[in-house]
Amino acid sequence: MTAPTDRKKRPTRRKTGPKPAAPERTRIERYDPTAIEPRWQARWEELGQSRTDLADASRPRFYLLTMYPYPSGDIHIGHWYIKTPTDAVARFQRMQGKNVFLPIGFDAFGLPAENAAIARGIHPREWTMANIQNMRRQLRSMGASFDWDAEVITSDPDYYRWNQWLFLRFLEAGLAYRARSTVDWCPNDGTLAREQVEGADRHCWRCGAKVEKRDLEQWFLRVTKYADELLDFGGLDWPEPIKTMQTNWIGRSEGGEIVFTTAPDVHQPGGDELRVFTTRPDTLFGATFMVLAPEHPLVPKLTHPDRRAEVEAYVTAAGAETEIERLSTEREKTGVALGTEAINPVNGERIPIFVADYVLATYGTGAIMAVPAHDERDFAFATKFGLPIRRVVAAPGTESAPVDSAYEAHAADEVLVNSGEFSGLPANEGGRRIVQWLARDGRAKPAVTYRLRDWLISRQRYWGTPIPVIHCERCGIVPVPDEDLPVLLPDKVDYGGSGVNPLTRDESFVNVTCPRCGGPARRETDTMDTFIDSSWYWYRYLSPHYADGPFDPDMVETWTPVDQYTGGAEHAVMHLLYAREFTKMMRDVGVIAQNEPFQRLFNQGQILGEDGERMSKSHGNVQDPDELVTRYGADAIRLFLMFMGPWDQGGPWSPTGIGGVHRFLNRVWTIALDPGGTEPGDADSGKLPAGQDEAGARTALRHAAHRTLKVVTGEYTAFKFNTMVAHLIELANTLMRYRGTSVARMPEWDEAIRLLLLMLAPAAPHIAEELWSRRLAAAGAEWSSIHQERWPQVDDTAAAEETREVPVQVNGKLRDRVTVPAGISELELEQVVLARDKVQAALAGREPDRVIHAGGGRLVNVVAR
RNA sequence: GCCGAAGUGGCGGAACUGGCAGACGCGACGGUCUCAAACACCGUUGAGGGCAACCUCGUCCGGGUUCAAAUCCCGGCUUCGGCACCA
């Protein structure tokens with residue numbers, strides 16, 4: 001770690017307090033953030049400046065929420081990147097007169113704590129709480145205005161008991177249920193929700209291990225009930241990409257459900273219904289075989305005795321496969337025939353039935369009609385197994401062309417062919433008519449299918465919320481009565497190694513008496529997915545110690561939905577979707593009255609390591625902010641993170657530019673404390689710019705300050721922090737040019753400094769406070785915090801231009817610039833322009849055809865051909 | 001393969017609704033201050049040509065629309081993110 005530069009060599013530094021009016025050319029005290037920042041942080045805390053009075057209704061409320069961190073141990077620069085602009089928004093909105101609530105907490109349950117516990121032989125709680133301690137300190141070093149009184153830690157029984165309480169309400173309402181099904185299983189994490197399995201290679205979102213399939217009885221939340229409602233983002237101010245991702249994830253498909261029946265043969269009477277879902281009922285006449293998923297319940301029944309051995313072997317193999325082996329579309333199709341046939345309801349044709357793993361048990365009905373002429377996958381399968389391929393949709397003139405690949409396109413002029421009485425109809429209409437016709441005797445119905453699945457919330461591990469149910473041999477599943485909540489995690493944990501849920505080994509936890517019959521019973525040992533915790537934490541912030549329910553309903557009523565949420569886009573189809581689902585479930589059990597949790601969402605980009613890779617300890621590319629704080633101070637880091645680029649973009653971390661904003665803060669320090677000083681290194685320092693008199697300089701200064709105020713105000717509102725910082729730098733550079741001149745003693749100078757500090761306050765709160773305090777002291781005024789000030793008003797007259805420079809083009813090429821009074825008429829401007837030598841030279845004797853005044857006089861283009 | 005976002009100097013990036021391309025910063029180069037170094041400050045910095053005034057070219061590539069295109073349209077390339085046989 002590098003020490004701050006040469007601090008010891010400057011013996012005349014004062015510690016605190018304003019300087020008396022310094023004579024010119026006296027060396028002023030250096031800007032030393034390490035001396036200033038902790039002092040103000042302590043002072044703000046003492047004054048409770050960021051504590052929100054939630055009952056205060058005198059000002060407009062503003063609930064600003066940022067995704068709470070996982071207590072991994074260290075805050076890294078990525079956390080700063082999320083939280084710095086969020087804090088700036090909070091401070092800005094407070095200055096706008098809003099009652100801002102900016103809470104913080106910790107997403108404290110989860111696997112890393114257990115891994116650490118196993119590795120170090122300590123309790124997960126110990127590890128978690130020690131990390132939280134350190135992270136609190138680090139978060140405080142940012143100078144962020146979090147309301148720590150509202151802190152929520154999800155592993156606290158005071159929090160998770162309400163997970164349990166909400167679960168019981170969902171259970172009562174039929175929104176939580178237990179079912180046996182094939183689930184995704186991670187060797188480290190146990191079961192996973194669908195959203196938590198990532199990539200083509202099917203790996204666990206958290207640990208990266210390859211996910212397997214298991215057939216288990218698990219707890220689910222019935223979120224598919226909300227599929228259609230979740231597609232409606234009406235009234236929400238969310239980024240389009242997130243809405244698109246959620247929409248795709250929900251995956252609504254319209255089509256028809258068609259009933260095929262099995263054909264009788266010598267071994268069985270037939271007549272079993274085989275339902276399929278299709279988005280292409282228009283291709284029904286082209287179905288030349290059927291495929292069932294290996295897990296389809298009718299597979300055993302429909303297997304011909306001669307085929308039994310082969311089919312069973314195939315089904316077993318498919319079940320044992322990890323999903324990795326079912327890699328992508330590249331993989332060659334496999335499958336086996338059942339040896340029985342089905343009857344196509346539209347034409348009575350007998351078609352063979354196969355079982356193949358390219359059909360998913362979990363989507364639609366787990367069975368398909370295969371139309372090789374019009375589906376790529378069916379085509380591949382048919383080609384491999386030598387099955388017939390029959391074209392039933394064609395553009396005019398292509399009816400008899402050979403089918404050498406699946407034709408899936410949907411052009412307007414396509415008609416049905418080879419489709420009996422429906423031949424000749426446009427494809428779309430034909431499909432509708434076929435469904436209508438079959439529907440008359442119940443052999444089809446219009447249907448909608450979703451990709452979204454119910455949320456699997458069971459986890460086989462210790463460090464999570466125990467699911468509050470009891471399994472009784474006599475009574476079945478019995479909910480834990482409300483008055484017995486919380487079901488506490490036992491203090492002692494016996495890890496028998498990783499992959500074992502310690503709760504299953506804890507006899508005193510497992511063995512209970514049934515609350516209903518009093519007989520012996522077993523407690524549920526699964527715990528909840530930690531995404532449950534993060535699905536309602538922002539409600540808890542509003543009344544973190546409330547004991548009569550998950551939250552104080554009055555507070556929720558007045559403060560939510562959240563006005564602004566900030567966090568990463570990596571949660572697009574996880575946390576951000578769960579939170580919406582959970583909100584709708586809470587609404588349906590009557591604990592809240594709203595439909596959506598977050599009114600406005602902003603996704604900041606991700607900070608990568610210097611190598612462009614994701615920052616992680618294992619990559620060794622993590623930037624430690626503590627070191628940077630010591631070196632440059634929190635304000636410089638905050639500004640630099642905002643200045644790097646657009647907030648939604650992120651990018652690789654590189655510290656090379658940080659010196660630039662540090663220099664900027666030094667200049668602010670200099671112009672605020674030593675306006676009369678001059679730069680020995682600059683011969684022109686202390687002189688007015690050439691061609692400018694004092695009156696002109698005063699106007700220019702005032703203009704610069706108010707112009708900046710106008711622009712910066714808009715930039716804070718629009719989250720354009722990078723240009724906001726650029727404009728503050730520009731203003732400071734302008735002021736620097738007037739330092740040491742007579743103008744630096746004028747009221748315009750004073751006003752400009754005042755505005756600069758106020759504009760800087762949300763972004764760099766410490767230096768703004770320090771300089772503000774010194775100015776107050778120098779003026780003999782009583783101290784008050786800059787963060788309690790109101791945002792200044794723009795003087796539009798001062799901000800307006802007196803003259804403006806107009807670029808002049810001839811035939812679209814820039815040839816000249818003219819400076820004209822701001823209010824000049826187009827006619828006058830045209831005369832000025834045409835009189836210019838350069839314009840005449842460019843015209844070379846031609847008469848202008850026309851003169852275009854663009855964008856309200858922003859530019860003039862003289863056209864001559 | 002499908003969906004989404006984006007390609008601008010040596011680098012991060014700026015540019016309102018089609019109107020001066022490169023704000024602001026970094027880096028580099030030159031200078032001032034200093035015994036010296038560091039710090040700080042000032043200046044130059046898209047490419048090419050010219051002594052200069054200036055000229056030409058230039059926003060991923062190729063076309064197009066327009067008085068005017070980084071911005072709009074058509075076609076293509078590349079990078080990043082999401083999805084993964086969803087019938």
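Each chain gets a letter, A, B and so on, in the order the sequences are listed, and its residues count up from 1.
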Are there any protein N/O atoms within less than 3.5 Å of an N/O atom in nucleotides 43-47 of chain B, and if so, which ones and at what distance?
none

Using atom names, set out every protein N or O paired with an N or O of nucleotides 53-58 of chain B below 3.5 Å, distance rounded to 0.1 Å.
from	atom 1	to	atom 2	distance (Å)
B:rC54	OP1	A:Lys838	NZ	3.1
B:rC55	OP1	A:Arg815	NH1	3.3
B:rC57	OP2	A:Lys813	NZ	3.2

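A donor-acceptor contact shorter than 3.5 Å is absent between the side chain of A:His296 and the backbone of A:Ala367.
Contact annotation for A:Arg667: backbone-only contact, meaning every heavy-atom pair under 4.0 Å involves sugar-phosphate atoms and none involves a base. Within 4.0 Å of A:Ile852, counting heavy atoms only, lies at least one base atom of the nucleic acid. Contacts of A:Asn861 with the nucleic acid, taken as non-hydrogen atoms under 4.0 Å apart, include base atoms. Within 4.0 Å of A:Gln649, counting heavy atoms only, lie sugar-phosphate atoms of the nucleic acid but no base atom. Within the nucleic acid shown, A:Pro652 has no heavy atom closer than 4.0 Å to any nucleic acid atom. Among the heavy atoms of the strands lying under 4.0 Å from A:Lys720 are primed sugar atoms or P, OP1, OP2 only; no base atom is included. Contacts of A:Ser253 with the nucleic acid, taken as non-hydrogen atoms under 4.0 Å apart, involve only primed sugar atoms and P, OP1 or OP2. Residue contacts shown for A:Asn733 are limited to sugar-phosphate atoms, with no base heavy atom under 4.0 Å away.
Closest of all the heavy-atom pairs between A:Trp455 and A:Gln196 is NE1-NE2, 4.4 Å. For A:Ala444 against A:Val435, the heavy-atom pair with the smallest separation is CB-O, 4.1 Å. For the residue pair A:Leu760 and A:Phe664, the shortest heavy atom distance occurs at CD1-CE2, 4.0 Å.
Taking atom P on both nucleotides, B:rG76 is separated from B:rU44 by 46 Å, rounded to a whole Å. A gap of 15 Å separates the C1' atoms of B:rU71 and B:rG22, to the nearest Å. With both ends at atom C1', the span from B:rU78 to B:rU8 equals 15 Å, rounded to whole Å. B:rA5 and B:rU56: their P atoms are spaced 38 Å apart (whole Å). When the P atom is used for both B:rC73 and B:rC57, the distance is 26 Å, rounded to whole Å. Between B:rG48 and B:rU66, the distance separating the two P atoms is 35 Å to the nearest Å. The C1' atoms of B:rG18 and B:rC55 are separated by 26 Å, rounded to the nearest whole Å. B:rG19 and B:rG10 have their C1' atoms separated by 30 Å, with the value rounded to a whole Å.
Put simply, A:Arg858 has no side-chain N or O that comes within less than 4.0 Å of OP1 or OP2 on B:rC16. Between A:Arg739 and B:rA40 there is no side-chain N or O to OP1 or OP2 distance below 4.0 Å. Using a 4.0 Å cut-off, some side-chain N or O of A:Asn722 falls inside it from OP1 or OP2 of B:rA14.
Across the protein-nucleic acid pair, A:Leu731 atom CG and B:rG25 atom C1' stand 16 Å apart, rounded to whole Å. Atom OH in A:Tyr632 sits roughly 13 Å away from atom C1' in B:rC39 (whole-Å rounding). If you take CH2 of A:Trp653 and P of B:rG12, they are 16 Å apart, rounded to a whole angstrom. Separating the CG atom of A:Asp375 from the C1' atom of B:rC85 is a distance of 9 Å, rounded to the nearest angstrom. Between A:Arg30 atom CZ and B:rC41 atom P the separation is 11 Å, expressed in whole Å. Between A:Asp674 atom CG and B:rC41 atom C1' there is a gap of 13 Å when expressed in whole angstrom units. Between A:Glu198 atom CD and B:rC83 atom C1' the separation is 11 Å, expressed in whole Å. Whole-Å rounding puts the A:Met724 CE to B:rA14 P distance at 14 Å.
Each of B:rA87, B:rC83, B:rC42 was ranked by its minimum atom distance to the side chain of A:Met736; first place goes to B:rC42. For A:Leu859, counting side-chain heavy atoms from C-beta on, the closest listed nucleotide (B:rG19, B:rC85, B:rC26) is B:rG19. Side-chain proximity of A:Tyr363 to the nucleotides B:rA87, B:rC67, B:rG13 is greatest for B:rA87. Nearest to the side chain of A:Met245, among B:rC85, B:rA5, B:rG82, sits B:rG82. Side-chain proximity of A:Thr244 to the nucleotides B:rC83, B:rC41, B:rC3 is greatest for B:rC3. Out of B:rA5, B:rC83, B:rA23, the shortest distance to the side chain of A:Glu730 is found at B:rA23. In the set B:rC39, B:rC41, B:rG25, the nucleotide with an atom closest to the side chain of A:Phe643 is B:rG25. In the set B:rA21, B:rC3, B:rA14, the nucleotide with an atom closest to the side chain of A:Gln809 is B:rA21.
A 6.0 Å sphere centred on NZ of A:Lys445 holds no more than 12 heavy atoms belonging to other residues, nucleotides or ligands. By the 6.0 Å contact criterion, CD on A:Gln606 is enclosed, its count of non-hydrogen atoms from other residues, nucleotides or ligands being greater than 12.
Side-chain atoms of A:Trp653 and A:Gln623 form a donor-acceptor pair, as typed in the model, at a separation below 3.5 Å. Side-chain polar atoms of A:Glu805 and A:Thr819 form no donor-acceptor pair below 3.5 angstrom. Between the side chains of A:Tyr31 and A:Thr670, not a single donor N or O lies within less than 3.5 Å of an accepting N or O.
Nucleotide B:rC29 forms a pair with B:rG43, judged by Watson-Crick or G-U wobble geometry with both contacts under 3.5 Å. Across every strand in view, B:rC51 sits unpaired, with no contact that passes the Watson-Crick or G-U test at under 3.5 angstrom. In a base pair of the Watson-Crick type (N1 to N3 plus N6-O4 or O6-N4) or a G-U wobble (N1-O2 and O6-N3), with each distance short of 3.5 Å, B:rG4 is matched with B:rC80. Pair assignment for B:rG9: none, as no Watson-Crick or G-U wobble contacts are both less than 3.5 Å. In this structure, B:rA37 forms no base pair with any nucleotide, since neither Watson-Crick nor G-U wobble geometry is met with both distances under 3.5 Å. Applying the Watson-Crick and G-U wobble criteria (two distances, each under 3.5 Å), B:rC72 pairs with B:rG64.
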request  = Take A:Ile77 and A:Leu628 through the side-chain contact (heavy atoms from CB on, under 4.5 Å) test and state the conclusion after the steps.
outcome  = CA-CA 10 Å; A:Ile77 205 71; A:Leu628 291 170; 3.9 Å; yes

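Judged by the 6.0 Å and 45° rule, A:Arg580 forms a cation-pi pair with A:Phe233. A:Trp249 carries A:Arg194 over the face of its six-membered ring, with the cationic atom under 6.0 Å from the centre and within 45° of the normal.
When ring centroids are compared, A:Phe381 and A:Tyr358 come within the 6.0 Å threshold.
Along RNA chain B, the nucleotide nearest to A:Thr656 and the one nearest to A:Met369 differ in position, and the one closer to the 5' end is contacted by A:Thr656. Each of A:Asn666 and A:Gly812 has a nearest nucleotide on RNA chain B; the 5'-most of these lies closest to A:Asn666.
For B:rG9, the base is syn relative to its sugar; the glycosidic angle is within 90° of 0.
The pair A:Lys710-A:Asp796 meets the salt-bridge criterion, with a side-chain N (NZ, NE, NH1 or NH2) lying under 4.0 Å from an Asp/Glu carboxylate O.
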